[in-house]
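Before any comments, here is the structure.
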Amino acid sequence: MKRIYLDYAATTPTHPEVVKAMAAYFTGAFGNPSTLYSYGQEAKGVIEEARVKVASLIGAQDEEIVFTSGGTEADNFALKGVAYANEKRGNHIITSPIEHHAVIETCKFLERKGFRVTYLPVDRYGLVDPADVRRAITDKTILISVMHASNEIGTIEPITEIGKIAKEAEIYFHTDAVQTAGHIPVDVNELGVDLLSLSAHKIYGPKGMGALYIRKGTKLVALMHGGEQERRRRAGTENIPGIVGLGKAMELAQQEIGKEAVRLTYLRDQLIKGLLERIDHIHLNGHPRMRLPNNVNMSVDFVEGESMVLNLDLESICGSTGSACSSSSLEPSHVLLATGLSPEQAHGSLRLTLGKWTTEEEISRVLEALPRIVAKLRAMSPLLKAGK
Ligand code: PLP
C-alpha cells in the first residue's frame, strides 16, 4: 500500500533540488571558509549567497541572519542571549504557555537562573490577547517571546499587534517562526519583531539547520564561543552543505508560497469538513480561520490519540498525536491543556499536517480509513462506557 505521509509539521522530506544543491559541497567545494586560499573563499561566498536568500524571504538584511543548528538552537540563542545581555536592565520575560518545548524549557532554565517568566493565558483557540501582553509588562521586562504559529494546533498569533506593543514599551520581541517561514508570508518589519527563529527541515530543507534573525542593534550574548564565524555571534566551522540547503529550500519556498498555501488550505478544509461530517463527538482544535494552511488537529472523544496513530500506521498513513518531540511521552499536550481541554480530550487528539506531496486522493483515503478506525476503537473503549 502506498504510504500517505501526513506529518509535515514534524519534518518534511528533503526536496530533490535541495539535495542536488547540497551534494556539491560535500566533495567539490569543501574548503573551510575561514582560510585564505580560493577554495576557502569560494565556500565563504556560498555562505553569503545563502544568507541573502534567507534574508530576502523574511524582509531582513543579510547581516541580520545567523545560521544555527536548527529551530531549537535559534530559540535558545534568542532567549538566553537576550536574557544574559540585558540582565542589568531587568529579569522579566513574557511568553505563552503554548510555545514549543525549545522556548518553554529555555524559559524554565532561565527561571532556575533567577529570571522571572510570565506565561500569558490563551483562549480556547490558543490565541494570545495582545491586551494581556500589555498588562504583563513591568519595568523589569526585557523580552517578549510569542510564537508566530503553533506547531500543534496551527493557530496563527496576532504578532503584528504584539510587535507594536513591544516597540512602544522598548522591549525586545522574539517570535518562533519555525512553522511559518516558507509556508505563509513572513516579514520581520511588518511583524515588528527583533528576533525570529526558523528551521530548514520544516520547508523541505535538511535537518539540523536553521537560522536566527537578529535586528541590527539588538543586544544579545553568544551561546557558542570560539572562532570568529558568523560575526562572532556563533563560533564553529560552518555547515556549508546545510547552509546551502537552507538557502535553496527558502528560495524554492518563496517561488511557491502563495499558490501552495491556497492548495493546502483547500485540502485542509476538505479534511476537516469530512471528518466533522463522518465522526460523532469530534472537535477541531485551534482557530477555524487564523490557522496554518496545512494543519488539522482534532480531538476525538472516547479514543486515545496513540491508538488512532498506530491504527492509521497499519494502513500506511502517518499522523501524530501532537508535536513530534512529545509524541513519545504519555503526558497530555501542554498546548491542548492550555486551551482548556481536559486531559482525556487532550489524550484523544490527532494531528494531520499536509504538505507539498499531499493529494486529494490521499485525503479521500484518510476520510475512508479514520471513521472506520474510530468506530472500531470505540467499540472496544472503556472510555466510551465510562462517558455514556
Ligand atoms: N519551534 C517549533 C514551533 C517547532 O515546530 C520546532 C520543531 O518541531 C522547533 C521549534 C524546533 O526546531 P528544530 O527541529 O529545527 O530544532
Side-chain angles (χ1 to χ4, degrees), residues 5-14 18 54 58 65-81 95-109 122 126-128 145-157 159 174-184 186 191 193 195-213 223-224 234 239 242-243 245-247 249-250 253 285-286 291-297 318-329 333-336 338 349 351-355:
Y5 183 74
L6 290 175
D7 205 13
Y8 283 86
T11 195
T12 58
T14 312
V18 172
V54 174
I58 59 169
I65 302 296
V66 175
F67 292 117
T68 65
S69 66
T72 300
E73 184 187 327
D75 285 343
N76 270 261
F77 188 12
L79 272 76
K80 291 179 193 162
T95 191
S96 89
I98 66 157
E99 299 297 310
H100 188 270
H101 284 115
V103 168
I104 297 272
E105 292 302 318
T106 305
C107 283
K108 285 192 193 156
F109 168 83
V122 290
L127 278 174
V128 168
S145 179
V146 176
M147 72 200 313
H148 192 190
S150 167
N151 47 304
E152 286 197 38
I153 55 175
T155 298
I156 301 174
E157 299 293 339
I159 297 301
H174 165 249
T175 195
D176 176 336
V178 165
Q179 294 289 341
T180 54
H183 291 280
I184 58 173
V186 169
L191 294 174
V193 293
L195 302 122
L196 180 143
S197 306
L198 55 89
S199 175
H201 75 107
K202 310 292 185 179
I203 51 163
Y204 313 97
K207 294 174 183 55
M209 190 65 224
L212 180 65
Y213 157 77
L223 298 185
M224 299 288 183
R234 196 222 187 220
N239 171 5
I243 291 172
L246 172 62
M250 287 292 237
N285 294 315
R291 89 182 283 127
L292 288 170
N294 73 335
N295 176 291
V296 176
N297 187 315
C318 310
S320 92
T321 53
S323 72
C325 317
S326 65
S327 57
S328 57
S329 120
S333 145
H334 67 286
V335 176
L336 294 175
S349 78
R351 182 187 73 174
L352 299 171
T353 45
L354 289 48

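Order of appearance sets the numbers: ligands from 1, and atoms from 1 within every ligand. Computed from heavy atoms alone, side chains included, the values below leave out hydrogens, waters and symmetry copies.
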Under 4.0 Å from any heavy atom of [X], which atoms of ligand 1 are there?
{"X": "Gly70", "value": "15 (O)"}
{"X": "His201", "value": "13 (P), 14 (O), 15 (O)"}
{"X": "Met147", "value": "3 (C)"}

For this session: Verify, without hydrogens or angle tests, whether Asn285 (side chain) and Ile153 (backbone) share a donor-acceptor contact under 3.5 angstrom.
Result: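 Checked: no pair found.
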
Exercise. Do any N or O atoms from the side chain of Thr175 and from the backbone of Val146 form a donor-acceptor pair under 3.5 angstrom?
Worked result: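 Side chain of Thr175 to backbone of Val146, a donor-acceptor pair under 3.5 Å: yes, one is there.
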
For this session: Look up atom CG in Asp75 and atom CG in Leu198, then write down how far apart they are to the nearest 0.5 Å.
Result: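 Those atoms lie 10.0 Å apart.
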
Exercise. When rounded to the nearest 0.5 angstrom, what is the spacing between CE in Met224 and OG1 in Thr68?
Worked result: 9.5 Å

Problem set entry | Close N or O approach (Ala9, ligand 1; < 3.5 Å) | no

Checking contacts here: is it the side chain or the backbone of [X] that comes within 4.0 Å of ligand 1, counting heavy atoms only? Could be both or neither.
{"X": "Lys207", "result": "neither"}
{"X": "Asp75", "result": "side chain"}
{"X": "Thr72", "result": "both"}

Exercise. Does the side chain of Gln179 reach to within under 4.5 Å of the side chain of Lys202, using non-hydrogen atoms?
Worked result: yes

For this session: List the atom of Ser145, the atom of Val103, and the distance in Å for their closest heavy-atom pair.
Result: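 So the minimum-distance heavy-atom pair works out to OG-CG1, 4.1 Å.
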
For this session: Compute the minimum heavy-atom distance from Lys202 to ligand 1 and say whether it is under 4.0 Å.
Result: yes

